[in-house]
Amino acid sequence: MKQFISVHDVPDINALVSKALACKSDPLKHKSLGANKRIGCLFLNPSMRTRLSTQIAAQNLGMDVIVFNVGSEGWALEFEEEAIMSGSTVEHVKDAAPILGKYFDILAIRTFPSLKNREDDYSELFMKQFVKYAGIPVVSLESATLHPLQSLTDVLTITEENQKSNPDKYQDKNPKIVLTWAPHVKPLPQCVANSFAQWINVWGEADFVITHPEDYELSEEFTRGATITTDQDEALKDADFVYVKNWSTYSDYGKIYCNDPAWMLTNEKLELTNDAKVMHCLPVRRNVELSDEILDGPNSLVTQQAANRVWAAQAVLSEILARIP
Ligand code: CP
């Protein structure tokens, strides 16, 4: 693997999931793989799970890790080519990224969308410019439109749960996985939902349904292949996994339209499912996005899911390190 920006960088999802599960069963087995190698983790935006799990993963592989909160502590970066930098940006990415490429062996970056201009956000200019100018492998720690480390974790958690709970259960049918929109107080990016949809569709081992209120359609680029419905109850019927996530509107970009609290998952709604396991990438707004009764109940996978972030990151870094001389 040369880089990890989206599912399209992964030749075999199941092989990568197996590698992550092997990392989980023996975290320090490849402690020397990253010896004398250094990863730079650049955060243009806040993070808890991605930051800490990536650091732990790199350390498990023997790497040195430097975290740089470039969004709050670094120079304001310019990403547009041929920009006349007379405004607030101080340093162009084409000057900064090659230097980072000399300091580090792998560069990991988190950016978010502005949610103001869809074309700009969906062009993924920030990530593309780092890839173009760093000259070393780049790992996405979440970009304007995708969160591939989260999605790898999600497929890993579903696989692990399938194997653990009932190895025979899915022998003659794929699990039903439902991605459901949930209410929120702020307009959030579409990254996690886009990425989850993209990964589950490419994985191809699920009966995949997406449900959301009208006007919350995601880009077809990521959802094509899934069944899409605005009837949440219908979607939840016989589900084996329910992935809960808010996102803002894609069409009239970055807005909150309907914010009906009835879309929050409750134990009553869970009755419609096949005793589904409930997932969320976190952080979560309790009793807005997801009810206490679900989050604190036996069907919640959220802690296991967040803990699995380490093994997803470790598998990805292992694959990339294996190609670095
Ligand atoms: N799920 C996730 O990416 O969490 P953080 O924003 O805390 O990294």
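Counting starts at 1 for both ligands and their atoms, in listed order. Below, all heavy atoms of this structure are taken into account, side chains as well, without hydrogens, waters or symmetry copies.
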> Is the closest side-chain heavy-atom distance between Tyr257 and Asp252 below 4.5 Å?
Replying inline: yes

> Against heavy atoms of Cys281, which atoms of ligand 1 measure under 4.0 Å?
Replying inline: 1 (N)

Side-chain polar contacts of residues 30-43 - donor-acceptor pairs under 3.5 angstrom, sequence neighbours left out - could you list them?
| residue | atom | partner | partner atom | Å |
| --- | --- | --- | --- | --- |
| Lys31 | NZ | Gln59 | O | 3.0 |
| Lys37 | NZ | Pro325 | O | 3.4 |
| Arg38 | NH1 | Tyr103 | O | 2.9 |

>> Check this for me, if you would: do Asp292 and Arg286 make a salt bridge, where the nitrogen-to-carboxylate-oxygen distance has to be below 4.0 angstrom?
In response: yes

> Without hydrogens or angle criteria, can the side chains of Trp203 and Asn14 be said to hold a donor-acceptor pair below 3.5 Å?
Replying inline: yes

> Which heavy atom of the protein is the closest neighbour of atom 4 (O) of ligand 1, given with residue, atom name and distance?
Replying inline: Arg49 NE, 3.0 Å

> Relative to the heavy atoms of Leu282, which atoms of ligand 1 are at a distance of less than 4.0 Å?
Replying inline: 1 (N), 2 (C), 4 (O)

> Would you call the rings of Tyr216 and Trp181 parallel, tilted or perpendicular if under 30° counts as parallel and over 60° as perpendicular?
Replying inline: tilted

> Could an N or O of ligand 1 be found under 3.5 Å from any N or O of Glu142, whether backbone or side chain?
Replying inline: no

> Hey, is ligand 1 close enough to Pro283 that some N/O pair sits below 3.5 Å?
Replying inline: no

> What atoms in ligand 1 come closer than 4.0 Å to a heavy atom of Arg309?
Replying inline: 1 (N), 2 (C), 3 (O)

> Mind checking whether Tyr122 and Phe222 have parallel, tilted or perpendicular rings, split at 30° and 60°?
Replying inline: tilted

> Which atoms from ligand 1 have a heavy atom of Met48 less than 4.0 Å away?
Replying inline: 5 (P), 7 (O), 8 (O)

> In the protein, what heavy atom is nearest to atom 6 (O) of ligand 1, and what distance, to one decimal place, separates them?
Replying inline: Arg110 NH1, 3.0 Å

>> Which of the numbered atoms in ligand 1 are under 4.0 angstrom from any heavy atom belonging to His147?
In response: 2 (C), 3 (O)

